[in-house]
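Order of listing sets the numbers, starting from 1, for every ligand and every atom in it.
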Amino acid sequence: METRSRTAPNILVTGTPGVGKSTLCEKLSEATGLKWLEILKIAKENNCLEEYDPVYKCCTLDEDKLLDGLEEVMSAGGNIVDYHSCEPFPERWFDIVFVLQTDNTTLYDRLIGRGYEGIKLADNIDCEIFQIVFQEAKSSYKSNIVHRLSNISEEELENNLQRIYGWLQQWFYENQLP
Ligand SMILES: Nc1ncnc2c1ncn2[C@@H]1O[C@H](COP(=O)(O)OP(=O)(O)O)[C@@H](O)[C@H]1O
């Protein structure tokens with residue numbers, strides 16, 4: 001389904017675990033009324049998780065089942081999708097993609113605070129150092145809709161929210177229904 005037939009845009013908020021996606025999405029959803037879709041939570045609730053990985057202490061996604069289940073709500077528009085990767089999703093779903101980023105010390109502290117350790121901690125820090133999610137986003141979507149946002153402090157979070165509100169206003173202005 002094309003963007004034009006949506007009554008509100010779909011936003012993807014992505015980035016390495018710990019960069020602040022949930023925090024930003026929750027505030028954005030509260031302020032705008034757009035629906036916050038926490039992909040991991042939705043996958044759990046709808047039995048879209050596959051085998052457990054004991055090293056990373058998480059499960060892989062049953063992507064086909066998850067995407068089928070989300071198609072209708074994504075086609076309608078008005079969603080904020082929160083996930084640490086953009087690879088599973090069809091390009092046509094999103095009007096804009098925000099990749100949140102932090103510095104490595106900040107991310108390290110946040111992940112330690114969350115109980116990450118060993119390979120899981122090291123791999124996530126590497127993921128941020130090598131900007132894996134940003135590279136993924138650039139290869140998955142048109143470059144003009146992919147935006148990096150530094151999200152280290154409360155002040156940056158507020159700036160990021162303001163920037164997204166500004167973008168949303170512009171979207172509604174440009175896509176006004178006749
Ligand atoms: N802009 C920010 N400034 C300071 N702390 C933040 C910011 N964004 C998130 N945090 C904190 O970082 C931790 C991880 O945030 P979270 O939103 O859960 O990340 P993610 O959803 O990307 O895994 C939380 O403790 C949260 O309070």
Side-chain angles (χ1 to χ4, degrees), residues 9-46 48-49 52-61 63 66-67 70 73-74 78-89 93-138 140-141 145-168:
N10 288 323
I11 298 173
L12 174 61
V13 177
T14 187
T16 311
V19 291
K21 298 180 296 296
S22 311
T23 308
L24 180 136
C25 289
E26 186 174 16
K27 287 179 188 289
L28 187 59
S29 174
E30 276 169 16
T32 62
L34 298 183
K35 195 169 178 196
W36 172 24
L37 302 182
E38 287 179 89
I39 293 301
L40 284 179
K41 194 170 156 201
I42 292 169
K44 267 183 216 152
E45 288 168 355
N46 294 281
C48 299
L49 293 178
Y52 181 73
D53 181 331
V55 176
Y56 288 91
K57 298 184 182 140
C58 64
C59 296
T60 51
L61 287 183
E63 291 183 4
L66 179 78
L67 297 192
L70 287 172
V73 73
M74 291 303 294
N79 301 290
I80 308 163
V81 172
D82 167 358
Y83 193 51
H84 58 260
S85 163
C86 44
E87 275 190 332
F89 310 120
W93 273 8
F94 297 106
D95 300 281
I96 194 154
V97 177
F98 293 105
V99 183
L100 302 190
Q101 297 187 318
T102 65
D103 61 70
N104 305 321
T105 313
T106 303
L107 187 65
Y108 182 87
D109 291 344
R110 289 183 190 171
L111 293 180
I112 288 282
R114 191 185 267 186
Y116 279 30
E117 58 185 5
I119 290 182
K120 187 168 180 174
L121 175 63
D123 278 4
N124 279 295
I125 298 292
D126 281 353
C127 177
E128 191 62 4
I129 291 173
F130 295 111
Q131 306 204 358
I132 302 293
V133 182
F134 179 58
Q135 300 304 335
E136 219 182 73
K138 279 203 306 184
S140 304
Y141 303 97
I145 71 157
V146 177
H147 303 272
R148 276 189 284 190
L149 299 176
S150 177
N151 193 48
I152 296 167
S153 62
E154 294 293 335
E155 191 185 349
E156 284 190 340
L157 172 61
E158 190 49 40
N159 290 342
N160 293 335
L161 286 166
Q162 293 303 329
R163 182 166 166 192
I164 300 173
Y165 301 150
W167 178 84
L168 272 168

Between [X] and [Y], a side-chain donor and acceptor under 3.5 Å:
X	Y	value
T106	D109	no
E136	S85	yes
N10	D95	no

Atoms in ligand 1 with a heavy atom of [X] nearer than 4.0 Å:
X	value
E154	3 (N), 4 (C)
S153	1 (N), 2 (C), 3 (N)
R114	14 (C), 16 (P), 18 (O), 19 (O), 20 (P), 23 (O)
T23	9 (C), 15 (O), 16 (P), 17 (O), 26 (C)

Original post:
Should H84 be listed as contacting ligand 1, given a heavy-atom distance under 4.0 Å as the test?
Top reply: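 Not so, H84 does not reach ligand 1.
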**OP:** May I ask whether E156 places a heavy atom under 4.0 Å from ligand 1?
**Re:**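 It does not; every heavy atom stays at 4.0 Å or beyond.
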**OP:** Would you check the N or O atoms of G18, main chain and side chain alike, for any that come under 3.5 Å of an N or O of ligand 1?
**Re:**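 Right, the criterion is met.
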**OP:** Please work out which of the three classes, parallel, tilted or perpendicular, describes the rings of W167 and F98, given edges at 30° and 60°.
**Re:**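 Perpendicular, since the angle between the ring planes exceeds 60°.
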Original post:
Is there a protein heavy atom less than 4.0 Å away from atom 24 (C) of ligand 1?
Top reply: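 No; the ligand atom in question lacks any protein heavy-atom contact below 4.0 Å.
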Subject >> Residue selection (non-hydrogen contact nearest atom 4 (C) of ligand 1) among I152, T16, L157, D109 >> reply: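 Going through I152, T16, L157, D109 one by one, I152 has the nearest heavy atom to atom 4 (C) of ligand 1.
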Original post:
Looking only at non-hydrogen atoms, which of C25, G113, G15, G20 approaches atom 19 (O) of ligand 1 most closely?
Top reply: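 Residue with the shortest heavy-atom distance to the ligand atom: G20.
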Original post:
What is the minimum heavy-atom distance between Y165 and A31, and which atoms define it?
Top reply: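 Shortest heavy-atom separation between Y165 and A31 comes out as OH-CB, 3.3 Å.
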Original post:
Are the side chain of E156 and the backbone of I152 linked by a donor-acceptor contact shorter than 3.5 Å?
Top reply: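 Here the side-chain-to-backbone pair exists.
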Subject >> Residues, nucleotides or ligands: over 12 heavy atoms within 6.0 Å of I112 CD1 >> reply: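 Count over threshold, so yes.
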Subject >> Structural part of K21 in contact with ligand 1, heavy atom criterion under 4.0 angstrom >> reply: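 Looking at K21 and ligand 1, atoms from backbone and side chain both fall under 4.0 Å.
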